[in-house]
Every structure is written in C-alpha cells, then in structure tokens.
Amino acid sequence: MRIFDPHIHMTSRTTDDYQAMHTAGVRAVVEPSFWLGQPRTSPASFLDYFDSLLGWEPFRAAQYGIAHHCTLALNPKEANDPRCVPVLDELPRYLVKDQVVAVGEIGYDSMTPAEDTALAAQLQLAADHELPALVHTPHRDKLAGLRRTLDVIRESALAPDRVLVDHLNETTVKEAKDSGCWLGFSVYPDTKMDEERMVAILRSHGPEQVLVNSAADWGRSDPLKTRKVADLMLAEGFTEDDVDRVLWRNPVAFYGLSGRLNLDIAATEATHEGNSILRGGA
C-alpha cells in the first residue's frame, strides 16, 4: 500500500513519526504552513519557518524514504495580526521555489474583513504563479464559512478545479462537491473527522477528487490516520484500487497541477547545513 498524506505539519512531529509513517506505507507528504500556537511578532518569523519547510523538513523526510513538499501562505488566523500581514509582500519570492506545490493554508478562521482581504490576495498570488490553492475552512460555523469561501473563489482568477477545500465534514461536503473544487477531509481525534465518518462519506459521495489527510500537528493528533482510513476502507468492502485512488492518486493529481511534484527520493547527504537528525551526531 502506498499513501500520500496531503496535509500534515511535520515540523511539529518527531523523527520517530517519519519512521512509523514509512512503515505504514506513507511515501509522500505535503506540509502546509500554519500558525505556531502562539502569536508571531514579525514577518521574519515566517521567513525562517518557510526556509525550514524548504530545507530541513525535506531532509528529515528523505532519511526515511518520504518525499516532502510544502504549501506556503499567510494563514487565516494570523491574517488578523497587522504584525504578520507584511509577509504577503515576501511570498512571491518563495512561491517560485521547486518544493512549493500550492499556496496555502489560506481561508477563514473567524471570517473577518482582514481574512477576506488575505484570502483574495493569496488566491490571486496562486493564479499569478500558476499554482493551485489549499483552502482552510473554519472550525466554527462551517457551512457559513464554506459558502463565504466559495463566493471568494468564484470571484477570483483561480478556477475551482485548482482549489482544494479542506477540513470538510458531513455538513459541507455536498456544496463543496457541487462547486467543482477538490475535497479535503482531516481525520483528527475529537475535533474533526474520524475513520468511520470518513468511510461513510466515501460511500455516499464517492472517491472522485477526495483527499484524506491526518492534519497531524502539535495538538493531540495521529500521523497514521491515513493508514487507518485505508485499512477501514478495505474492511468495509472498498477495493484496493479505491484505496490507491483516495490515498495516492488523488493527491498526486491535485498537487501535480503545480508542475513541481517530484516523488523520487533523491539520495541525501548525512547532514543538512552541517546538522544531522542524530542528536550529538553533528
């Protein structure tokens, strides 16, 4: 079984997670940029973070046979902080990097005017750079948030079939599917989807343009949720081809829209900028 986790925050995970993910069949990941859990105080904090997603994390992933790409953006939560907004001016020089396969996460957290502005601006950046976009739907008022998101997408220069609308659930899946966007589901303990609900949605709505992710981060989360969904799909009568489509071919197709997706794992050096993943080793 081959698995592509299309939304996971590996900078918050241990190297042991990479090893466990590889054992479970994960061979590729996309890491969207997101907030730290506490406020950033300047654009410089973003830039160091972006650099790590382009350097250190691909190095760590490659040690365990996993291809790592990222999406970069000003995230919805921090779009409300005037100290962070100037990072929008820095994004164009990062969006040309080979490892960047989409603009994201963008979208809504609290559905404020500042988030409206940041979402529209970054959809335009995606169009300008011929990249797809990964859109975060809010955790509160999900249906209203989805509808507001889709309105902004329709007004943008980016076609819906180049947008992945993430964190969907039973209340939002139909309207998201009708929009022509790609459909993203996060399987995450307590606060998002679980395996059983995910399989039920696949049974009701089919596997077309569906991406399943773990969204694992610094919270209580599980980087093996993608494998658990795959195992339950098989146990519930889905075919191996269905599993491969949802857990591999769909994310390859979406992020392949960037023209930058490279799933070959290049041989890596023992260190990255003089540092290894072995504490005390370098």
Side-chain angles (χ1 to χ4, degrees), residues 6-11 29-36 39-59 61 67-109 112-137 148-166 181-182 184 251 253-262 272-273:
H7 182 151
I8 185 169
H9 301 289
M10 292 306 300
T11 194
V29 300
V30 165
E31 179 161 0
S33 56
F34 79 139
W35 72 299
L36 292 177
R40 289 184 173 93
T41 59
S42 76
S45 176
F46 284 88
L47 303 188
D48 287 339
Y49 174 50
F50 292 168
D51 288 341
S52 74
L53 296 184
L54 292 164
W56 177 245
E57 284 308 319
F59 167 77
H68 181 289
H69 295 79
C70 65
T71 77
L72 300 181
L74 171 64
N75 66 79
K77 189 174 183 68
E78 291 177 307
N80 295 295
D81 190 332
R83 297 173 298 178
C84 299
V85 172
V87 78
L88 290 172
D89 297 327
E90 303 291 339
L91 276 172
R93 67 187 175 95
Y94 281 92
L95 296 180
V96 299
K97 303 290 187 181
D98 287 344
Q99 293 295 113
V100 180
V101 292
V103 175
E105 297 177 62
I106 58 178
Y108 287 111
D109 179 60
T112 64
E115 292 170 21
D116 288 331
T117 300
L119 173 55
Q122 292 182 100
L123 287 170
Q124 186 61 54
L125 281 174
D128 292 344
H129 289 81
E130 298 183 342
L131 290 171
L134 169 61
V135 178
H136 166 107
T137 55
R148 190 160 170 175
T149 297
L150 295 178
D151 285 343
V152 178
I153 292 169
R154 292 185 191 104
E155 294 168 1
S156 77
L158 201 63
D161 62 3
R162 295 182 65 82
V163 177
L164 170 58
V165 181
D166 212 346
C181 292
W182 291 72
F254 176 74
Y255 287 114
L257 295 172
S258 68
R260 300 176 184 173
L261 191 66
N262 180 5
H272 173 72
E273 296 187 354

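All residue numbers in this chain count up from 1 along the given sequence.
Contact between Ala157 and Gln124 at its shortest, heavy atoms only, is CB-OE1, 3.9 Å. The nearest pair of heavy atoms linking Pro92 to Leu125 is CG-CD2, 4.0 Å. Counting all heavy atoms, side chain and backbone alike, Ala73 lies closest to Ile106 at CB-CG2, 3.5 Å. Of all heavy-atom pairs spanning Leu74 and Val85, the tightest one is CD2-CA, 4.0 Å. Heavy atoms only, all atoms of each residue included: Gly184 and Leu164 are closest at N-CD1, 3.5 Å. When all heavy atoms of Val96 and Arg93 are compared, the closest pair comes out as CG2-O, 3.4 Å.
Remark: side-chain polar atoms of Tyr49 are paired, donor with acceptor, to backbone N or O of Phe34 under 3.5 angstrom. With hydrogens and angles disregarded, no donor-acceptor distance shorter than 3.5 Å links the side chain of Thr71 to the backbone of Val100. With hydrogens and angles ignored, the 3.5 Å screen pairs no side-chain donor or acceptor of Trp182 with any backbone N or O of Arg162. Tyr108 places no side-chain N or O within 3.5 Å of a backbone atom of Thr149 that could act as its donor or acceptor partner.
Between Val30 and Pro251, every side-chain heavy-atom pair lies at or beyond the 4.5 Å cut-off. In this structure the side chain of His136 never reaches within 4.5 angstrom of the side chain of Asp166, judged on heavy atoms. Side chains of Arg40 and Asp81 form no contact here, defined as non-hydrogen atoms less than 4.5 Å apart. Side chains of Cys70 and Leu54 form a contact here, defined as non-hydrogen atoms less than 4.5 Å apart. Residues Leu91 and Phe50 form a side-chain contact, since some pair of their non-hydrogen atoms from C-beta on lies under 4.5 Å apart. For the pair Tyr94/Leu47, a side-chain contact is recorded, criterion being any heavy-atom separation below 4.5 Å from C-beta on. Arg83 places a side-chain heavy atom less than 4.5 Å from the side chain of Pro39. Residues Gln122 and Leu95 form no side-chain contact, since every pair of their non-hydrogen atoms from C-beta on lies 4.5 Å or further apart.
Interatomic distance, NE2 of His129 versus CG of Leu72, reported as 11.0 Å (0.5 Å rounding). For the atom pair CG of Asp161 and CZ of Phe254, the computed distance is 9.5 Å after rounding to the nearest 0.5 Å. Between atom CD of residue Glu155 and atom CG of residue Leu123 there is a gap of 10.5 Å, rounded to the nearest 0.5 Å. With rounding to the nearest 0.5 Å, the separation of OH in Tyr255 from CG in Leu134 is 4.5 Å. Atom CG of Leu150 sits about 5.5 Å away from atom SG of Cys181, to the nearest 0.5 Å.
With respect to Arg148 and Asp151, no salt bridge is recorded, no charged nitrogen being found less than 4.0 Å from a carboxylate O.
The one candidate from His9, Gln99, His68 that meets the side-chain hydrogen bond (donor to acceptor under 3.5 Å, both in side chains) condition with Glu31 is His68.
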